[in-house]
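All remarks here apply to the structure that follows.
Quick note: residue numbers are just sequence positions, from 1.
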Amino acid sequence: MTPAPAALLQEGVHLFGVRLAGFSPLTGRKFLLTLGFVAALLLASYLLRWLLRVVLRDTAQGRAAFWTRQAVKVLTAVVLVVGLVSIWFDDAGRIATAAGLVTAGVAVALQRVITSFAAYLIILRGRVYTVGDRITMGGVRGDVVAVGFMQTTVMEMGEPPSVLAGAEPAVWVQSRQYTGRLVRISNDKIFDSPVYNYTREFPYLWEEMHLPIRYQDDRAKVEQILLDAARRHTQRFMAPATEALGDLRRRFTLPEDASLEPTVYWRLTDNWLELNLRFVVPERGIRAIKDAMSRDILAALDAAKIGLASATYDIVGFPPIRIEEARHAPPPRS
């Protein structure tokens, strides 16, 4: 007859005649069962992930693969917790007592870990960001490439020249292109710092180019050159951008002056007239678009014989210079 659990606990394990507290045949069986359960669960999780990679091999880097991996991770964690509780706690009262003690200790010792995991559950809803989104969080700008239980991994990109000087840490790429660094950010940053998402609701940005023009130049001609270049390079984006803006208006209260048409604004300075060209571009590929626009604008300005104003000074001539020969008296004879 198999002894009862209480008898097994009372029997205990002895070493050199000393009964080891907490060790018993029942505890040993539970320990071995735990090892077998964890090994079987990890093997099943690995096989399931391998099967999903085979099925989704065409979209291995896409969002479908990401969500399936997250589902497997969450399912594995839930089964692990339920299995361990079922093995080690067969009494409801003991489960409640142990859960209370564990919860109190964990809440103090692992506060940041719990907060990061709670943030992970919020991120999984997809309302903050997901894999493939371009975000700025915790002072890091880049594309989300992975989301884990505790950390989000971002492929870092550079900063525009206007904000590059104040970037921390230092970034050497002067545009919104990859630097090559992978940055891991704690998920709990979503609770105490802003999360700028360039992709989620409206995947377009209002960009600007600033050109200083001399007051004596043909200002209307320069404005037309800027508008023509902006329309030529952004026309293909206007239809999807207009549709996306309409969806945004239905979800949020937006001001009516949010226009997508290229516009030029004038600003007076002491030295020149600054023309500010404002236009809409997708959140990716901005550098290539502005490069093509800059080349077209410069060629059109050269054709119109209009130059950009500069803070340098030209020396156009010298005043007359008179050179006089100094005549000295001869030295006296000795």
Test side chain to side chain contact (heavy atoms under 4.5 Å, CB included) applied to Leu182 and Glu156, step by step: CA-CA 6 Å; Leu182 286 174; Glu156 183 193 44; over 6 Å; no

Side-chain heavy-atom pair Pro282, Ile289 within 4.5 angstrom cut-off: yes

pair Glu274-Trp266: side-chain heavy atoms closer than 4.5 Å: no

Is [Y] reachable from [X] through a run of hydrophobic residues whose side-chain heavy atoms are each under 4.5 Å from the next?
X: Met238; Y: Val264; result: yes
X: Met150; Y: Val183; result: yes
X: Phe252; Y: Tyr204; result: yes
X: Tyr196; Y: Tyr129; result: no

Check against salt bridge (charged side-chain N to carboxylate O under 4.0 Å, His left out), Arg278 and Glu207: CA-CA 6 Å; Arg278 181 175 172 85; Glu207 263 289 349; over 6 Å; no

Please check: side-chain N/O of [X] versus main-chain N/O of [Y], any donor-acceptor pairing under 3.5 Å?
X: Trp272; Y: Leu211; answer: no
X: Ser45; Y: Leu41; answer: no
X: Asn187; Y: Ala118; answer: no
X: Asp133; Y: Thr130; answer: yes
X: Thr199; Y: Arg134; answer: yes

Interatomic spacing from [atom1] in [X] to [atom2] in [Y] - rounded to 0.5 Å:
X: Met157; Y: Arg284; atom1: CE; atom2: CZ; value: 8.0 Å
X: Thr136; Y: Asn197; atom1: OG1; atom2: CG; value: 9.5 Å
X: Leu260; Y: Thr234; atom1: CG; atom2: OG1; value: 9.5 Å
X: Ile225; Y: Leu298; atom1: CD1; atom2: CG; value: 10.0 Å
X: Ile297; Y: Arg232; atom1: CD1; atom2: CZ; value: 8.5 Å
X: Tyr120; Y: Lys73; atom1: OH; atom2: NZ; value: 6.5 Å

Check against side chain to side chain contact (heavy atoms under 4.5 Å, CB included), Arg267 and Asn276: CA-CA 8 Å; Arg267 189 174 75 89; Asn276 301 320; 4.3 Å; yes

Test side chain to side chain contact (heavy atoms under 4.5 Å, CB included) applied to Phe279 and Glu261, step by step: CA-CA 7 Å; Phe279 53 95; Glu261 289 294 328; over 6 Å; no

More than 12 heavy atoms of other groups within 6.0 Å of Arg184 CZ: no

Steps toward side chain to side chain contact (heavy atoms under 4.5 Å, CB included) verdict (Arg287, Arg176): CA-CA 7 Å; Arg287 189 177 196 180; Arg176 301 182 186 95; over 6 Å; no

Gln151 and Ser186: side chain donor to acceptor below 3.5 Å: no

